[in-house]
Amino acid sequence: MTTRLHPFSTAPAPVKVWAPGKINIHLGVGEAGDDGYHELATVFQALNLGETLTLIPGGTRSIIVQGRYADAAVPGDESNLARCAVDTLIAALEDGRDVEVLRELDIVIDKQIPVAGGMGGGSADAAAALIGAAHLIGGVDDAVLHEVAVAVGADVAFLLRGGTAIGHGRGERLSPVLTRGTFHWVMATSARPLPTRDVYARFDELHPTPTPAVVPDEVLTALAAGEPEALADHAANDLTEAAVSCMPEIAEVMEAGCAAGALLPLLSGSGPTIGFLARDAHHALDLAVLLQATRGVNEALRTTGPAPGAHVVAGS
Ligand code: ATP
């Protein structure tokens, strides 16, 4: 593969990558293992609400965060999940491949996913960074990318693939799920973050002996049939009670969405964002207008799923 160079520069041209956010259409939470992580049985759906990263070779390892959700909580150092993903890939490829180009990348993140909202924004950045880095060095084996993704974060492997999938383990053991048509979501964000660890700690207090994590067959049948009403009857998130206990206004927003006609209020991951399932695009628009005026809702964002996984949108 030939890599085009910037005019007046010896560095390869920048690459731009998009990666989706996600909702957990179903989240079954089981027992915690010795490592403290709970056994999950989840159905991920990738959303057409995502992040765009630009990886610029020949830089100074800077991280610039811009866009709708540029936030002081997003780190600009090695702990940023995008940087962490590239550094983990470099370490995994220490087999003689030329990875020099990846060592001094500047990374620009166009943040369109709320931070710490349970929609996997940081994981999307990691997935995008992996795809961009792989592109810059002429491709990386899928199995290696998967391994690196899992090392960086539990949701990163799914966001590489996109679509709809069941995730077991910490969410990294993936199998694709058949879906028909488009599902319409209104994502109601909160102005306040809710740390994932707080929700799991409360879950442990509420459920000292949790039942095994499962995905009901009816959820898969509804997805395959493309029937949002049937999906609403069976999808659930086991973390809901714990999240409400940590942040009571979540229950108020859920009730407001149901009163406004949503088919299903669904905590996204560990929250505090709540995904409301709509019948169709018109219904989603009506819901978004009503939710936007609801106390406790920062923004009501319309989106659809499933969306594709992380992919290059521009670069030579
Ligand atoms: P998940 O649903 O995967 O648990 P989330 O959507 O709730 O994640 P993120 O937006 O991914 O939450 O961020 C959680 C924390 O991760 C942030 O508070 C921040 O400190 C840290 N972080 C590291 N890298 C990033 C990044 N690129 N974008 C956002 N947060 C990041």
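Nothing here was measured: the structure is a model prediction, and the numbers come from that model. In each ligand, atom 1 is the first atom listed, and ligand 1 is the first ligand listed.
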Step-by-step side-chain contact (heavy atoms from CB on, under 4.5 Å) determination, Val313 to Val17: CA-CA 5 Å; Val313 290; Val17 185; 5.9 Å; no
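Annotation: Val115 places no N or O atom under 3.5 Å from an N or O atom of ligand 1; distance criterion only. Ligand 1 has no nitrogen or oxygen under 3.5 angstrom from a nitrogen or oxygen of Ala82. Taking only nitrogen or oxygen atoms, main chain and side chain alike, Ala73 reaches within less than 3.5 Å of ligand 1. Residue Gly271 places no N or O, backbone or side chain, under 3.5 Å from any N or O of ligand 1. In terms of polar-atom proximity, Met119 is counted as a contact of ligand 1, with an N or O under 3.5 Å from an N or O of the ligand. Below 3.5 Å of separation, one finds an N or O of Asp125 facing an N or O of ligand 1.
Taking every heavy atom of Lys22 and a limit of under 4.0 angstrom, the matching atoms of ligand 1 come to 2 (O). Atoms of ligand 1 lying under 4.0 Å from at least one heavy atom of Val74, given by number and element, are 26 (C), 28 (N), 29 (C). Atoms of ligand 1 lying under 4.0 Å from any heavy atom of Gly117, numbered from 1 in the order shown and given with element: 5 (P), 6 (O), 7 (O). Less than 4.0 angstrom separates some heavy atom of Ser123 from each of these atoms of ligand 1: 3 (O). Atoms of ligand 1 found under 4.0 Å from any heavy atom of Gly121 (numbered from 1 in listed order, with element): 6 (O), 11 (O).
The backbone and the side chain of Asn80 each have at least one atom closer than 4.0 Å to an atom of ligand 1 (non-hydrogen atoms only). Contact annotation: for Pro75 versus ligand 1, heavy atoms closer than 4.0 Å belong to the side chain alone. When non-hydrogen atoms are compared, ligand 1 lies under 4.0 Å from the backbone of Leu81 as well as from its side chain.
Looking only at side-chain heavy atoms (C-beta outward), Leu53 and Lys16 stay at 4.5 Å or farther from each other. In this structure the side chain of Leu239 reaches within 4.5 angstrom of the side chain of Tyr200, judged on heavy atoms. Side-chain contact between Glu172 and Leu174: absent, with no pair of heavy atoms (C-beta onward) separated by less than 4.5 Å.
Looking only at heavy atoms of the protein, atom 1 (P) of ligand 1 is closest to Asp155 OD2, 3.9 Å. For atom 7 (O) of ligand 1, the closest non-hydrogen atom of the protein is Gly118 N, 2.8 Å. Residue, atom and distance of the protein heavy atom nearest to atom 4 (O) of ligand 1 are Thr196 OG1, 3.4 Å. Protein heavy atom in closest approach to atom 29 (C) of ligand 1: Lys111 CE, 3.6 Å. For atom 9 (P) of ligand 1, the closest non-hydrogen atom of the protein is Ala116 N, 3.5 Å. Looking only at protein heavy atoms, the nearest one to atom 6 (O) of ligand 1 is Gly120 N, 2.8 Å.
With respect to the salt-bridge test (charged N to carboxylate O, under 4.0 angstrom), the residues Glu39 and Arg170 do not qualify. Classification of Asp87 and Arg103 as a salt-bridged pair fails, no side-chain N sitting under 4.0 Å from a carboxylate O. Taking a cutoff of 4.0 Å between a charged side-chain nitrogen and a carboxylate oxygen, Lys22 and Asp155 qualify as a salt bridge.
Side chain to side chain, Thr189 and Glu299 fail the donor-acceptor criterion of an N or O pair below 3.5 Å. Counted by atom type alone, Ser268 and Thr273 present zero donor-acceptor pairs between their side chains at under 3.5 Å.
The number of heavy atoms from other shown groups lying within 6.0 Å of CD (Glu249) is above 12. Within 6.0 Å of CG in Asp35 there are more than 12 heavy atoms belonging to other residues, nucleotides or ligands. Counting non-hydrogen atoms of neighbouring residues, nucleotides and ligands closer than 6.0 angstrom, the CD atom of Gln112 exceeds 12 such neighbours.
The closest approach between Gly122 and ligand 1 falls below 4.0 Å for a heavy atom of the residue. For the pair Ser270 and ligand 1, no heavy-atom separation below 4.0 Å is found.
Taking the six-membered ring where tryptophan is involved, the planes of Trp18 and His311 are tilted, since the angle between them lies from 30° to 60°.
When hydrophobic side chains of Ile, Leu, Val, Met, Phe, Trp and Tyr are connected at separations under 4.5 Å, Leu231 ends up clustered with Ile23, Ile25, Val43, Leu47, Leu49, Tyr69, Ile113, Met119, Ile166, Val177, Phe183, Trp185, Met187, Val215, Val219, Leu220, Leu223, Leu263, Leu264, Leu266, Leu277, Leu301.
The protein does not reach atom 15 (C) of ligand 1 closely, with no heavy atom under 4.0 angstrom from it.
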